[in-house]
Amino acid sequence: MIYSRDLADLLPVVQTMAHRLVDACEAAGIDLLITSTYRDEDAQAVLYAKGRTTPGPSVTNARPGESFHNWRVALDFCPLECGKCAWNDTNTFERVGVIAEALGFEWAGRWTGGMKEMAHVQYTGRLTLAQLRAGSVPVIT
Ligand SMILES: [Zn+2]
C-alpha cells in the first residue's frame with residue numbers, strides 16, 4: 001500500500017507544476033507542507049472503506065482508480081505556521097488555492113456537491129480520468 005508525500009511520485013509534468021506552486025507560495029510568504037501525492041489503488045480502497053465498512057467518518061467519495069491521486073496528478077497540502085500545520089487557517093488555504101489556479105491547477109476548494117476540499121489541487125491538463133487511465137499524459141499549456 002502506498003501513501004506517498006514525495007513530489008517525485010507525481011507525473012513529471014505535475015512535478016514541475018508542483019515545484020512552481022511551492023515556489024510561488026514561498027514568494028508569497030507561505031510555507032507549504034505537502035501531505036499527499038500519489039496513492040495506489042489499495043490505499044484508495046482503505047480510504048474509501050472508512051465510514052462505510054470500517055469505523056470513522058467518510059473521507060472520500062472516490063473508489064480505487066477514481067481519485068486523481070491514483071493517477072499521479074493530484075497533491076494535498078497544508079500551510080505551515082511556525083512549523084505547525086495550520087489546518088483551520090481558511091484564509092491561507094484560499095490564498096494557496098488562488099495561487100494554484102493562477103498557475104493552471106484545479107483547486108478543490110471551489111468544488112461543490114460535498115466534494116469541496118481546501119487542501120487538494122490537481123493538474124490534469126483537462127484530461128478526464130478515463131483518458132488518464134488510457135495512458136494520456138497532461139501537458140503544460
Ligand atoms: Zn487530495
Side-chain angles (χ1 to χ4, degrees), residues 1-81 83-141:
M1 207 148 16
I2 301 171
Y3 297 95
S4 177
R5 290 183 283 118
D6 191 343
L7 293 183
D9 287 325
L10 297 170
L11 291 182
V13 159
V14 184
Q15 286 179 44
T16 300
M17 293 294 296
H19 285 294
R20 287 183 188 176
L21 176 62
V22 170
D23 290 350
C25 286
E26 191 180 313
I30 301 167
D31 189 10
L32 275 195
L33 177 71
I34 305 302
T35 60
S36 176
T37 56
Y38 169 66
R39 73 176 76 100
D40 67 6
E41 297 200 17
D42 288 344
Q44 191 68 34
V46 170
L47 284 182
Y48 186 77
K50 281 188 196 294
R52 295 186 172 89
T53 56
T54 63
S58 176
V59 292
T60 182
N61 290 320
R63 295 169 186 270
E66 291 178 352
S67 167
F68 284 96
H69 289 280
N70 302 152
W71 301 98
R72 303 176 186 271
V73 297
L75 54 149
D76 298 335
F77 61 86
C78 185
L80 291 173
E81 279 171 19
K84 291 182 181 255
C85 283
W87 289 112
N88 297 319
D89 186 350
T90 309
N91 179 54
T92 302
F93 272 102
E94 283 176 357
R95 287 175 63 207
V96 175
V98 168
I99 290 168
E101 288 175 330
L103 291 169
F105 282 95
E106 294 166 67
W107 175 44
R110 303 263 184 232
W111 292 357
T112 54
M115 299 295 291
K116 180 171 169 166
E117 196 188 334
M118 300 291 274
H120 174 107
V121 293
Q122 59 190 39
Y123 186 77
T124 63
R126 301 178 196 282
L127 296 174
T128 63
L129 274 178
Q131 289 171 315
L132 291 166
R133 192 177 280 131
S136 293
V137 173
V139 295
I140 294 174
T141 51

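When a residue number appears, it is its place in the shown sequence, counting from 1. Indexing begins at 1, ligand by ligand and atom by atom, following the structure's order. What you see is a predicted model; the values in this text were computed from it and never measured.
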Exercise. Quick one: list whatever passes side-chain hydrogen bond (donor to acceptor under 3.5 Å, both in side chains) with Q131, sequence neighbours left out.
Key: T128
Practice problem: Name whichever N, O or S atom of D76 ends up nearest to the Zn ion (ligand 1). | Solution: OD1
Quiz prompt | Test side-chain hydrogen bond (donor to acceptor under 3.5 Å, both in side chains) applied to S4 - qualifying residues, sequence neighbours left out | solution = D9, T37
Quiz item: If you count the non-hydrogen atoms of other residues, nucleotides and ligands that lie under 6.0 Å from CD in E101, is the total more than 12?
Solution: yes
Quiz prompt | Any donor-acceptor N/O pair, Y123 side chain to V139 backbone, under 3.5 Å | solution = yes
Exercise. Restricting to N/O/S, name the atom of H120 that gets closest to the Zn ion (ligand 1).
Key: ND1
Quiz prompt | For the Zn ion (ligand 1), the closest N/O/S atom belonging to H69 | solution = NE2
